[in-house]
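Data block below; observations after.
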Amino acid sequence: MAIEAKPETLGFQTEVKQLLNLMIHSLYSNKEIFLRELISNSSDAADKLRFEALSNDKLYEDNPELKIRIEFDEKQKTITIVDNGIGMSREEVIQHLGTIAKSGTKQFFETLTGDSAKDSQLIGQFGVGFYSCFIVAKKVEVITRRAGLSSEEGVRWVSDGESNYTIETLDRPKRGTKVILHLRDDMDEFLNSWRLRSIVTKYSDHITLPIVMNKESEDEKGEETVNKATALWTRNKKDISEEEYNEFYKHVSHDFEEPMAHVHSKVEGKLEYSSLLYVPKRAPFDLWNREQRHGVKLYVRRVFIMDDAEQLIPSWLRFVKGIVDSDDLPLNISREILQHNKVIDSIRSGCTKKILGLLKDMAEKEPEKYADFWKIFGKVLKEGVIEGQEYQEELANLFRFASTQDDAEEQNVSLQQYVSRMKEGQQAIYFVTAESHATAKNSPHLEIFHKKGIEVLLLTDPIDEWVTSQLNEYEGKPLKSVNKGELDLGEIQDDQEKKEEEQKNKDFSKLTNRIKSTLSDKVKEVRVTSRLTTSPACLVSDDGDMGRHMEQILKASGQSIPGAKPILEINAEHPLVIKIDQEADEDRFKDWAHILFDQALLSEGGQLSDPASFVHKLNSLIMTLAE
Ligand code: ADP
């Protein structure tokens with residue numbers, strides 16, 4: 001390949017420009033992290049080389065001892081980080097250092113506020129990476145060659161982090177990447193061996209390959225290793241400090257913040273593996289993105305095999321970060337093989353149990369922390385009961401809901417708490433699903449429950465509809481929707497009340513039939529209920545039919561569903577119902593009947609099919625009352 005005479009100038013992708021600009025301004029107070037990020041990239045590059053070399057050991061060339069070297073030059077005001085990892089080809093340089101390939105990047109930038117304190121947290125979740133070197137450098141040079149390419153296929157990339165970079169081909173006999181930072185004027189503090197060493201031990205002690213620097217004393221020549229350079233997870237738990245666990249987390253997760261909790265375990269016996277798993281403090285920016293990456297990394301006997309091995313952890317724990325290191329898998333394992341592998345299946349179930357155990361402990365011992373966890377990841381965890389029966393019991397114990405016994409909108413109440421305060425004779429766990437907390441809390445369906453002092457869980461996450469269709473019982477108590485089927489309060493409703501309800505249905509049969517014939521295309525049945533105390537009417541769905549709220553969700557998502565007709569239940573004691581019963585004018589009766597139905601629909605958060613006609617009818621009735 002001919003070596004180009006002139007460097008080519010290319011522009012950064014818009015998102016890169018935004019990121020650069022933001023990073024320099026918002027992370028200025030934490031500038032030393034640039035070194036952690038560059039070391040982390042070099043370490044990943046070494047992992048990738050080791051992995052590719054498993055099937056092609058020529059890639060090691062004559063340089064098999066992988067390491068990272070840090071140099072600095074006080075006169076030139078440069079810091080240089082050199083690795084002999086996988087390196088990059090020209091295309092890779094353009095792709096990795098000129099664009100951001102993460103999915104959801106564009107949406108991420110749209111969430112930025114311009115307030116640097118808030119944005120620096122967001123940036124942290126996004127992962128700062130290579131570009132963080134521009135916090136300290138006014139110019140950055142990257143000289144690299146991909147392992148396996150010829151020495152003339154080296155690449156030099158230079159940028160001042162503004163809007164362009166130049167790229168040229170050059171001769172580079174050595175494989176791997178060298179990053180030269182030309183420091184800004186006020187960054188002299190980093191041109192100091194002691195300072196650099198302390199940053200390395202602070203952030204990168206856990207990196208498995210040696211990070212070397214020149215020996216400190218003048219008379220001794222040669223280099224020495226600055227970090228511990230052993231895989232953190234192979235060390236004894238009691239010898240690992242909280243800081244070391246935290247820094248390792250930042251390395252594997254590309255998160256900026258400390259994790260919320262971790263669990264480190266070694267399994268020995270028939271199957272041998274270690275796992276070190278973390279729960280982050282914040283949701284990653286792409287939690288709801290199906291292609292979300294950076295989950296759990298797989299190692300086999302200390303050799304990195306792959307990122308984001310989704311088979312190691314169920315998708316409802318996709319927020320978990322960390323590593324699994326197996327002693328039993330072959331080194332040449334591929335993603336396809338992972339899908340049908342008994343070893344992986346047991347590791348996955350082991351890891352799932354570890355995380356569920358960690359969360360259970362947190363819920364018991366640190367309820368406030370658990371409340372934070374639930375706020376952020378509760379919705380994801382709920383997916384677990386939809387995916388299968390396997391962990392239903394453990395999950396049900398971890399779930400938290402808002403409730404009529406709790407003023408807060410937050411989901412604080414566990415099923416265990418609910419069961420412990422059930423009324424005597426109460427056989428079911430009652431819940432209402434609605435679009436918002438206010439709609440749920442004020443639902444007419446709850447009136448009788450308030451009267452009897454029975455607690456009802458207020459479920460307002462869309463996923464709750466699916467959760468309650470899978471989670472049918474807890475500790476032998478069925479979960480029952482208050483807006484579905486006939487009201488059956490079991491022993492709480494005494495026989496006297498049941499008889500009265502039956503009697504009322506007979507007494508009011510003329511009225512219910514009259515309303516039914518008016519609303520025949522809207523309702524399946526009209527009946528008198530004891531569930532209401534202050535509202536005149538409400539809608540319920542028949543036992544076998546789809547729930548009302550589920551129907552709203554599906555409609556809102558654009559699905560056309562046949563939609564079973566609801567049952568209109570009326571409160572025979574309500575003055576409005578009594579008034580309607582006495583209405584002799586047939587046209588006016590019809591208006592009343594429609595209004596009753598529309599009101600019931602509105603109070604459960606539904607949408608009127610013809611709002612203008614509702615307003616019109618209501619106004620004309622108000623006018624007749626005013627007359
Ligand atoms: P991230 O590490 O989160 O993917 P970065 O911005 O830090 O993001 O790096 C972007 C990409 O550039 C990396 O994923 C990697 O492919 C490449 N890269 C960065 N540094 C190196 C290096 N020292 N050796 C090889 N590739 C590198």
Side-chain angles (χ1 to χ4, degrees), residues 404 430 432 434 438-454 456 481-489 492-494 496-520 522-542 548 565-606 608 611 613-627:
T404 49
Y430 293 101
V432 59
T439 310
K441 201 173 158 191
N442 302 320
S443 161
H445 297 95
L446 299 186
E447 290 170 10
I448 181 77
F449 293 89
H450 285 308
K451 189 174 153 200
K452 302 253 173 206
I454 303 173
V456 178
S481 162
V482 303
N483 38 9
K484 226 173 160 187
E486 290 228 41
L487 181 69
D488 178 12
L489 295 179
I492 296 170
Q493 200 179 23
D494 57 38
Q496 181 63 25
E497 284 175 319
K498 281 182 199 159
K499 276 200 197 111
E500 275 173 24
E501 197 176 77
E502 272 168 35
Q503 188 56 43
K504 269 190 210 148
N505 260 306
K506 279 192 200 128
D507 297 348
F508 285 87
S509 61
K510 197 168 141 245
L511 172 66
T512 49
N513 285 334
R514 235 176 127 197
I515 300 177
K516 167 81 206 290
S517 59
T518 308
L519 299 175
S520 61
K522 286 183 171 164
V523 301
K524 195 178 206 170
E525 192 188 330
V526 180
R527 65 189 177 209
V528 177
T529 185
S530 58
R531 98 172 76 216
L532 301 171
T533 58
T534 47
S535 300
C538 69
L539 297 174
V540 295
S541 35
D542 220 350
R548 310 270 313 139
K565 284 187 215 165
I567 296 163
L568 178 70
E569 291 195 343
I570 57 171
N571 174 0
E573 270 148 40
H574 196 280
L576 191 62
V577 174
I578 296 169
K579 172 135 183 77
I580 298 172
D581 193 24
Q582 294 159 355
E583 182 60 70
D585 182 321
E586 199 48 36
D587 285 341
R588 220 178 289 169
F589 177 84
K590 283 184 182 152
D591 282 357
W592 280 122
H594 281 285
I595 282 179
L596 215 51
F597 176 86
D598 286 352
Q599 274 193 355
L601 187 62
L602 282 177
S603 61
E604 64 173 24
L608 301 180
S613 139
F614 169 74
V615 173
H616 182 74
K617 286 192 183 92
L618 189 64
N619 286 345
S620 63
L621 285 168
I622 292 172
M623 295 303 287
T624 57
L625 291 179
E627 272 163 18

Under 6.0 Å from the [atom1] atom of [X], do we count more than 12 heavy atoms belonging to anything else shown?
| X | atom1 | answer |
| --- | --- | --- |
| E525 | CD | yes |
| K590 | NZ | no |
| H450 | NE2 | yes |

Of all heavy-atom pairs between [X] and [Y], which one has the smallest distance, and what is that distance?
| X | Y | value |
| --- | --- | --- |
| S603 | T439 | O-CG2, 3.9 Å |
| S520 | K565 | O-NZ, 3.2 Å |
| K516 | V523 | CE-O, 3.6 Å |
| N571 | S535 | ND2-O, 3.0 Å |
| A572 | V577 | CA-CG1, 4.1 Å |

List for me each residue that meets ring pair (Phe, Tyr, Trp, His ring centres under 6.0 Å) alongside F508, sequence neighbours excluded, and say none if there are none. none
Just so I know, are the side chains of [X] and [Y] near enough to count as touching, which here means a heavy-atom distance under 4.5 Å?
| X | Y | result |
| --- | --- | --- |
| K522 | D598 | yes |
| V540 | R527 | yes |
| I448 | V482 | no |
| L568 | L539 | yes |
| R514 | T518 | no |
| I515 | W592 | no |

The test is side-chain hydrogen bond (donor to acceptor under 3.5 Å, both in side chains); show your working for K617 and S613 and say whether it passes. CA-CA 6 Å; K617 286 192 183 92; S613 139; 3.0 Å; yes
Does the [X] side chain pair with the main chain of [Y], one donor and one acceptor, at a distance under 3.5 Å?
| X | Y | value |
| --- | --- | --- |
| T404 | V456 | yes |
| E583 | F589 | no |
| K524 | S541 | no |
| E569 | R531 | no |
| H594 | L519 | no |

Which distance, rounded to the nearest 0.5 Å, do you find between the [atom1] of [X] and the [atom2] of [Y]?
| X | Y | atom1 | atom2 | answer |
| --- | --- | --- | --- | --- |
| N442 | E447 | CG | CD | 10.0 Å |
| H445 | E604 | NE2 | CD | 6.0 Å |
| I595 | H616 | CD1 | NE2 | 10.0 Å |
| L532 | T534 | CG | OG1 | 7.5 Å |
| L446 | K452 | CG | NZ | 15.0 Å |
| I567 | D542 | CD1 | CG | 4.0 Å |

Determine whether V528 and L511 satisfy the following criterion, side chain to side chain contact (heavy atoms under 4.5 Å, CB included), listing intermediate values before the conclusion. CA-CA 10 Å; V528 177; L511 172 66; over 6 Å; no
